[in-house]
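Contents: one structure, followed by commentary.
No hydrogens, no waters, no symmetry mates; every other heavy atom, side chains included, goes into these values.
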Amino acid sequence: MVKQKKWKMIIYMTLFAFISCLIALPYTTAVLEAPSGVVITKTQLLITLIINITVQSFIAIIIGVYLGPKVGLKANIIRNWIYKDTNEKFNGRSILYAIVAGIAGTAILILIDYYVFMPQLEELAKYSAERKDISFLTGLSTIFQGGYAEEVMLRFGAMTFVVWLLSLIFKKNDVWIYWFAIIGTAILFGIGHLGAVFSIIDTVTPLLIVRTIFLNAVLGIICGYLYWKKGLEYAIIAHIVGDIIIHGFFE
(Lines give C-alpha, C1' and ligand atoms only; values in the text may rest on other atoms or scores of the structure.)
Protein backbone atom coordinates (compact mmCIF):
# COMPACT_ATOMS: atom_id res chain seq x y z
CA MET A 1 0.00 0.00 0.00
CA VAL A 2 2.82 2.42 0.90
CA LYS A 3 4.60 1.70 -2.39
CA GLN A 4 1.35 2.18 -4.29
CA LYS A 5 0.86 5.57 -2.62
CA LYS A 6 4.37 6.65 -3.54
CA TRP A 7 3.87 5.65 -7.16
CA LYS A 8 0.67 7.65 -7.35
CA MET A 9 2.61 10.79 -6.41
CA ILE A 10 5.39 9.89 -8.86
CA ILE A 11 2.92 9.44 -11.73
CA TYR A 12 1.00 12.66 -10.97
CA MET A 13 4.15 14.77 -10.67
CA THR A 14 5.63 13.27 -13.85
CA LEU A 15 2.39 13.92 -15.71
CA PHE A 16 2.55 17.61 -14.79
CA ALA A 17 6.18 17.78 -15.95
CA PHE A 18 4.99 16.47 -19.32
CA ILE A 19 2.08 18.95 -19.39
CA SER A 20 4.46 21.81 -18.55
CA CYS A 21 6.44 20.93 -21.68
CA LEU A 22 3.28 21.10 -23.79
CA ILE A 23 2.36 24.46 -22.27
CA ALA A 24 5.86 25.73 -23.14
CA LEU A 25 5.61 24.77 -26.83
CA PRO A 26 5.00 28.34 -28.07
CA TYR A 27 8.27 29.40 -26.46
CA THR A 28 10.38 26.35 -27.29
CA THR A 29 9.12 26.40 -30.88
CA ALA A 30 10.19 30.04 -31.19
CA VAL A 31 13.67 29.74 -29.69
CA LEU A 32 14.83 26.17 -30.16
CA GLU A 33 17.39 25.59 -32.89
CA ALA A 34 19.32 22.46 -33.80
CA PRO A 35 23.04 22.57 -32.92
CA SER A 36 25.30 23.45 -35.83
CA GLY A 37 25.97 20.44 -38.04
CA VAL A 38 23.06 18.38 -36.68
CA VAL A 39 20.41 17.44 -39.23
CA ILE A 40 17.07 17.29 -37.43
CA THR A 41 13.66 18.85 -38.00
CA LYS A 42 12.10 21.30 -35.55
CA THR A 43 9.37 18.74 -34.74
CA GLN A 44 11.91 16.03 -33.99
CA LEU A 45 13.84 18.45 -31.80
CA LEU A 46 10.74 19.40 -29.82
CA ILE A 47 9.70 15.77 -29.34
CA THR A 48 13.21 14.90 -28.16
CA LEU A 49 13.15 17.80 -25.69
CA ILE A 50 9.77 16.78 -24.26
CA ILE A 51 10.83 13.15 -23.89
CA ASN A 52 14.11 14.11 -22.22
CA ILE A 53 12.48 16.44 -19.71
CA THR A 54 9.69 13.97 -18.91
CA VAL A 55 12.06 11.03 -18.42
CA GLN A 56 14.52 13.07 -16.35
CA SER A 57 11.64 14.41 -14.25
CA PHE A 58 10.35 10.87 -13.71
CA ILE A 59 13.75 9.70 -12.42
CA ALA A 60 14.14 12.83 -10.26
CA ILE A 61 10.68 12.39 -8.74
CA ILE A 62 11.43 8.79 -7.79
CA ILE A 63 14.57 10.03 -6.01
CA GLY A 64 12.71 12.87 -4.28
CA VAL A 65 9.77 10.75 -3.16
CA TYR A 66 11.87 7.89 -1.79
CA LEU A 67 14.99 9.67 -0.49
CA GLY A 68 13.71 13.16 0.40
CA PRO A 69 11.99 12.16 3.65
CA LYS A 70 15.19 10.44 4.81
CA VAL A 71 17.10 13.75 4.81
CA GLY A 72 14.34 16.23 5.67
CA LEU A 73 13.72 17.44 2.11
CA LYS A 74 10.06 17.51 1.25
CA ALA A 75 7.19 18.33 -1.08
CA ASN A 76 4.47 17.92 1.54
CA ILE A 77 2.03 20.40 0.02
CA ILE A 78 2.00 18.50 -3.26
CA ARG A 79 1.75 15.27 -1.28
CA ASN A 80 -1.24 16.62 0.63
CA TRP A 81 -2.98 17.58 -2.63
CA ILE A 82 -2.68 13.96 -3.76
CA TYR A 83 -3.17 11.96 -0.55
CA LYS A 84 -4.76 14.43 1.92
CA ASP A 85 -2.48 13.03 4.63
CA THR A 86 -0.02 15.75 5.68
CA ASN A 87 -2.39 18.64 6.48
CA GLU A 88 0.31 20.93 5.08
CA LYS A 89 -0.92 23.93 3.11
CA PHE A 90 0.65 27.04 1.64
CA ASN A 91 1.65 29.63 4.22
CA GLY A 92 1.03 33.25 3.22
CA ARG A 93 4.24 34.54 4.79
CA SER A 94 6.31 31.81 3.14
CA ILE A 95 4.71 32.53 -0.25
CA LEU A 96 5.65 36.20 0.13
CA TYR A 97 9.16 35.16 1.19
CA ALA A 98 9.51 33.03 -1.95
CA ILE A 99 8.16 35.80 -4.21
CA VAL A 100 10.52 38.40 -2.74
CA ALA A 101 13.43 35.97 -3.00
CA GLY A 102 12.60 35.30 -6.65
CA ILE A 103 12.35 39.02 -7.45
CA ALA A 104 15.54 39.91 -5.56
CA GLY A 105 17.56 37.07 -7.07
CA THR A 106 16.39 37.88 -10.58
CA ALA A 107 17.09 41.60 -10.10
CA ILE A 108 20.63 40.80 -8.96
CA LEU A 109 21.40 38.58 -11.94
CA ILE A 110 19.90 41.09 -14.42
CA LEU A 111 22.01 43.94 -12.96
CA ILE A 112 25.18 41.84 -12.96
CA ASP A 113 24.49 40.77 -16.53
CA TYR A 114 23.81 44.33 -17.72
CA TYR A 115 26.77 46.01 -16.06
CA VAL A 116 29.39 43.23 -15.93
CA PHE A 117 28.86 40.71 -18.72
CA MET A 118 26.93 42.38 -21.53
CA PRO A 119 29.48 45.19 -22.20
CA GLN A 120 32.15 42.54 -22.79
CA LEU A 121 30.14 40.09 -24.90
CA GLU A 122 29.77 41.35 -28.45
CA GLU A 123 28.50 37.97 -29.64
CA LEU A 124 25.54 38.25 -27.26
CA ALA A 125 24.70 41.75 -28.49
CA LYS A 126 24.85 40.45 -32.06
CA TYR A 127 22.50 37.59 -31.25
CA SER A 128 20.06 39.94 -29.47
CA ALA A 129 19.98 42.24 -32.50
CA GLU A 130 19.37 39.39 -34.97
CA ARG A 131 16.85 37.26 -33.09
CA LYS A 132 13.14 37.70 -33.61
CA ASP A 133 11.06 39.26 -30.87
CA ILE A 134 9.38 36.97 -28.35
CA SER A 135 5.96 38.20 -27.24
CA PHE A 136 5.03 38.56 -23.59
CA LEU A 137 2.58 35.64 -23.69
CA THR A 138 5.02 33.42 -25.58
CA GLY A 139 7.63 34.14 -22.94
CA LEU A 140 5.20 33.32 -20.16
CA SER A 141 4.39 29.94 -21.71
CA THR A 142 7.71 28.58 -20.42
CA ILE A 143 7.29 29.43 -16.74
CA PHE A 144 5.93 26.03 -15.71
CA GLN A 145 8.48 24.04 -17.67
CA GLY A 146 11.20 26.17 -16.08
CA GLY A 147 9.64 26.72 -12.68
CA TYR A 148 8.25 23.24 -12.13
CA ALA A 149 10.16 20.73 -14.30
CA GLU A 150 13.59 22.26 -13.66
CA GLU A 151 12.99 22.42 -9.91
CA VAL A 152 11.85 18.80 -9.94
CA MET A 153 14.97 17.69 -11.82
CA LEU A 154 17.55 19.86 -10.05
CA ARG A 155 16.22 20.24 -6.54
CA PHE A 156 13.82 17.32 -5.92
CA GLY A 157 16.09 14.93 -7.80
CA ALA A 158 19.75 16.00 -7.95
CA MET A 159 19.97 18.01 -4.71
CA THR A 160 18.09 15.35 -2.74
CA PHE A 161 20.38 12.62 -4.07
CA VAL A 162 23.56 14.56 -3.20
CA VAL A 163 22.34 15.28 0.35
CA TRP A 164 21.28 11.65 0.83
CA LEU A 165 24.55 10.27 -0.54
CA LEU A 166 26.79 12.54 1.54
CA SER A 167 24.67 11.89 4.64
CA LEU A 168 25.10 8.18 4.01
CA ILE A 169 28.87 8.50 3.56
CA PHE A 170 29.49 10.76 6.56
CA LYS A 171 26.77 9.26 8.78
CA LYS A 172 25.32 12.69 9.63
CA ASN A 173 23.23 15.55 8.25
CA ASP A 174 25.53 18.50 8.83
CA VAL A 175 24.65 21.92 7.45
CA TRP A 176 27.65 21.87 5.10
CA ILE A 177 26.16 18.88 3.30
CA TYR A 178 23.04 20.85 2.39
CA TRP A 179 25.07 23.88 1.28
CA PHE A 180 27.36 21.69 -0.80
CA ALA A 181 24.30 20.18 -2.49
CA ILE A 182 22.65 23.59 -2.97
CA ILE A 183 25.72 25.17 -4.59
CA GLY A 184 26.64 22.04 -6.55
CA THR A 185 23.20 21.64 -8.10
CA ALA A 186 23.00 25.40 -8.76
CA ILE A 187 26.21 25.13 -10.79
CA LEU A 188 24.78 22.05 -12.50
CA PHE A 189 21.68 24.14 -13.26
CA GLY A 190 23.90 26.70 -14.99
CA ILE A 191 25.80 24.03 -16.92
CA GLY A 192 22.47 22.62 -18.06
CA HIS A 193 21.76 25.88 -19.89
CA LEU A 194 24.97 25.72 -21.94
CA GLY A 195 23.29 23.53 -24.54
CA ALA A 196 20.94 26.36 -25.43
CA VAL A 197 23.86 28.79 -25.64
CA PHE A 198 25.81 26.55 -28.02
CA SER A 199 22.74 26.13 -30.20
CA ILE A 200 22.12 29.87 -30.69
CA ILE A 201 25.56 31.51 -30.51
CA ASP A 202 28.07 30.80 -33.28
CA THR A 203 31.19 31.66 -31.27
CA VAL A 204 30.99 30.67 -27.61
CA THR A 205 33.76 32.26 -25.52
CA PRO A 206 34.95 31.25 -22.03
CA LEU A 207 33.38 34.44 -20.63
CA LEU A 208 30.02 33.53 -22.13
CA ILE A 209 30.26 30.09 -20.51
CA VAL A 210 31.09 31.68 -17.14
CA ARG A 211 28.18 34.11 -17.57
CA THR A 212 25.70 31.32 -18.32
CA ILE A 213 26.74 29.20 -15.34
CA PHE A 214 27.05 32.08 -12.89
CA LEU A 215 23.78 33.86 -13.66
CA ASN A 216 21.73 30.67 -13.59
CA ALA A 217 23.45 29.57 -10.39
CA VAL A 218 22.32 32.74 -8.59
CA LEU A 219 18.65 31.77 -8.80
CA GLY A 220 19.58 28.12 -8.33
CA ILE A 221 21.12 28.82 -4.92
CA ILE A 222 18.03 30.75 -3.83
CA CYS A 223 15.72 27.94 -4.96
CA GLY A 224 17.93 25.33 -3.30
CA TYR A 225 17.78 27.18 0.01
CA LEU A 226 14.00 27.48 -0.22
CA TYR A 227 13.68 23.76 -0.97
CA TRP A 228 15.78 22.97 2.10
CA LYS A 229 14.09 25.35 4.52
CA LYS A 230 10.53 25.66 3.18
CA GLY A 231 9.83 22.83 0.75
CA LEU A 232 9.88 22.18 -3.00
CA GLU A 233 6.71 24.19 -3.60
CA TYR A 234 8.31 27.46 -2.46
CA ALA A 235 11.38 26.85 -4.63
CA ILE A 236 8.97 26.42 -7.55
CA ILE A 237 7.26 29.72 -6.71
CA ALA A 238 10.58 31.61 -6.62
CA HIS A 239 11.67 30.05 -9.90
CA ILE A 240 8.35 30.89 -11.60
CA VAL A 241 8.61 34.50 -10.40
CA GLY A 242 12.12 34.71 -11.83
CA ASP A 243 10.99 33.24 -15.15
CA ILE A 244 8.05 35.64 -15.36
CA ILE A 245 10.46 38.57 -15.03
CA ILE A 246 13.13 37.20 -17.38
CA HIS A 247 10.97 35.65 -20.10
CA GLY A 248 8.03 38.01 -19.82
CA PHE A 249 9.83 41.35 -19.58
CA PHE A 250 13.52 40.88 -20.40
CA GLU A 251 13.42 38.18 -23.08
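By the neighbour-count criterion of 12 heavy atoms within 6.0 Å, atom CZ of Phe16 is densely surrounded, having more than that number from other residues, nucleotides or ligands.
Nearest heavy atoms, Gly157 versus Ile63: O-CG2, 3.4 Å. Closest heavy-atom contact between Ile10 and Ile61: CA-CG2, 3.6 Å. Nearest heavy atom pair, residue Tyr227 against residue Leu73, reads OH-CB, 3.3 Å. Listed here is the closest heavy atom pair of Ala186 and Gly220: CB-C, 3.7 Å. In this structure, Met13 and Tyr148 approach most closely via the heavy-atom pair O-OH, 2.8 Å. Listed here is the closest heavy atom pair of Ala181 and Val162: CB-CG1, 3.7 Å.
Using a distance-only test at 3.5 Å, with no hydrogens or angles considered, no donor-acceptor pair links the side chain of Asp174 to the main chain of Trp176. A donor-acceptor pair is defined here as one N or O able to donate and one able to accept, closer than 3.5 Å; such a pair exists between the side chain of Lys42 and the backbone of Thr29. Distance alone, capped at 3.5 Å, is enough to place a donor-acceptor pair between the Ser141 side chain and the Tyr27 backbone. With hydrogens and angles disregarded, a donor-acceptor distance shorter than 3.5 Å links the side chain of Glu233 to the backbone of Ile78. Asn216 places a side-chain N or O within 3.5 Å of a backbone atom of Thr212 that can act as its donor or acceptor partner. Formation of a donor-acceptor pair under 3.5 Å by the Thr86 side chain with backbone atoms of Asn76 is found in this model.
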### Task
Apply the test side-chain contact (heavy atoms from CB on, under 4.5 Å) to residues Arg211 and Gln120: give CA-CA distance (whole Å), side-chain angles for both, the deciding distance (0.1 Å), then the verdict.
CA-CA 11 Å; Arg211 168 193 179 269; Gln120 304 180 61; over 6 Å; no
### Query
Does the pair Ile177 and Val71 meet the rule for a side-chain contact (heavy atoms from CB on, under 4.5 Å), with working shown?
CA-CA 11 Å; Ile177 290 177; Val71 291; over 6 Å; no
### Message
For a side-chain contact (heavy atoms from CB on, under 4.5 Å) check, start with the C-alpha distance between Phe180 and Val163, then their side-chain angles and the critical distance, and finish with the verdict.
### Response
CA-CA 8 Å; Phe180 181 89; Val163 171; over 6 Å; no
### Query
Yes or no on side-chain contact (heavy atoms from CB on, under 4.5 Å) for Leu215 and Phe117, after CA distance, side-chain angles and deciding distance?
CA-CA 10 Å; Leu215 294 182; Phe117 291 111; 4.1 Å; yes
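Here CG of Leu232 is found 14.0 Å from CZ of Arg79. Values are rounded to the nearest 0.5 Å. The distance from the CD1 atom of Ile213 to the CD1 atom of Ile187 is 8.0 Å, given to the nearest 0.5 Å. Taken from CD1 in Ile246 to CG in Leu109, the straight-line distance is 5.0 Å, to the nearest 0.5 Å. Taking OG of Ser57 as the start and CD of Gln145 as the end, the distance is 9.0 Å to the nearest 0.5 Å. Distance check: Glu150 CD to Thr142 OG1 gives 7.5 Å after rounding to the nearest 0.5 Å. One finds the OG1 atom of Thr106 at 8.0 Å from the CG atom of Asp243 (value rounded to the nearest 0.5 Å).
For Phe136, the ring pair (Phe, Tyr, Trp, His ring centres under 6.0 Å) criterion is met by Phe249, not counting sequence neighbours. Taking the side-chain hydrogen bond (donor to acceptor under 3.5 Å, both in side chains) definition, one finds that Ser135 meets it with Thr138, sequence neighbours left out.
Both Tyr12 and Met9 are members of a single hydrophobic cluster when ILVMFWY side chains are connected at heavy-atom separations under 4.5 Å. Both Trp179 and Leu166 are assigned to one and the same hydrophobic cluster, defined by single-linkage of ILVMFWY side chains at heavy-atom distances under 4.5 Å. Residues Leu208 and Tyr114 fall into different hydrophobic clusters, defined by Ile, Leu, Val, Met, Phe, Trp and Tyr side chains chained together at heavy-atom separations under 4.5 Å. Connection of Ile237 to Leu96 is not established within any shared hydrophobic cluster, with ILVMFWY side chains joined at heavy-atom distances below 4.5 Å, either directly or through further cluster members.
Val65 has its side chain within reach of Phe156: a pair of non-hydrogen atoms, C-beta onward, lies under 4.5 Å apart. Residues Ile236 and Ile240 have side chains in contact (heavy-atom distance under 4.5 Å, counting atoms from C-beta outward). When side chains are defined from C-beta on, Ile182 counts as touching Met159, because their heavy atoms get closer than 4.5 Å.
Looking at Tyr225, Phe90, Tyr97 one by one, the single match for ring-ring contact (aromatic ring centres under 6.0 Å, His included) with Tyr234 turns out to be Phe90.
Ring-plane geometry between Trp7 and Phe58 is classed as tilted, the angle between the planes lying from 30 to 60 degrees on a 0 to 90 degree scale.
Remark: Arg155 qualifies as a cation-pi partner of Phe189 under the 6.0 Å distance and 45° angle criteria applied to the six-membered ring.
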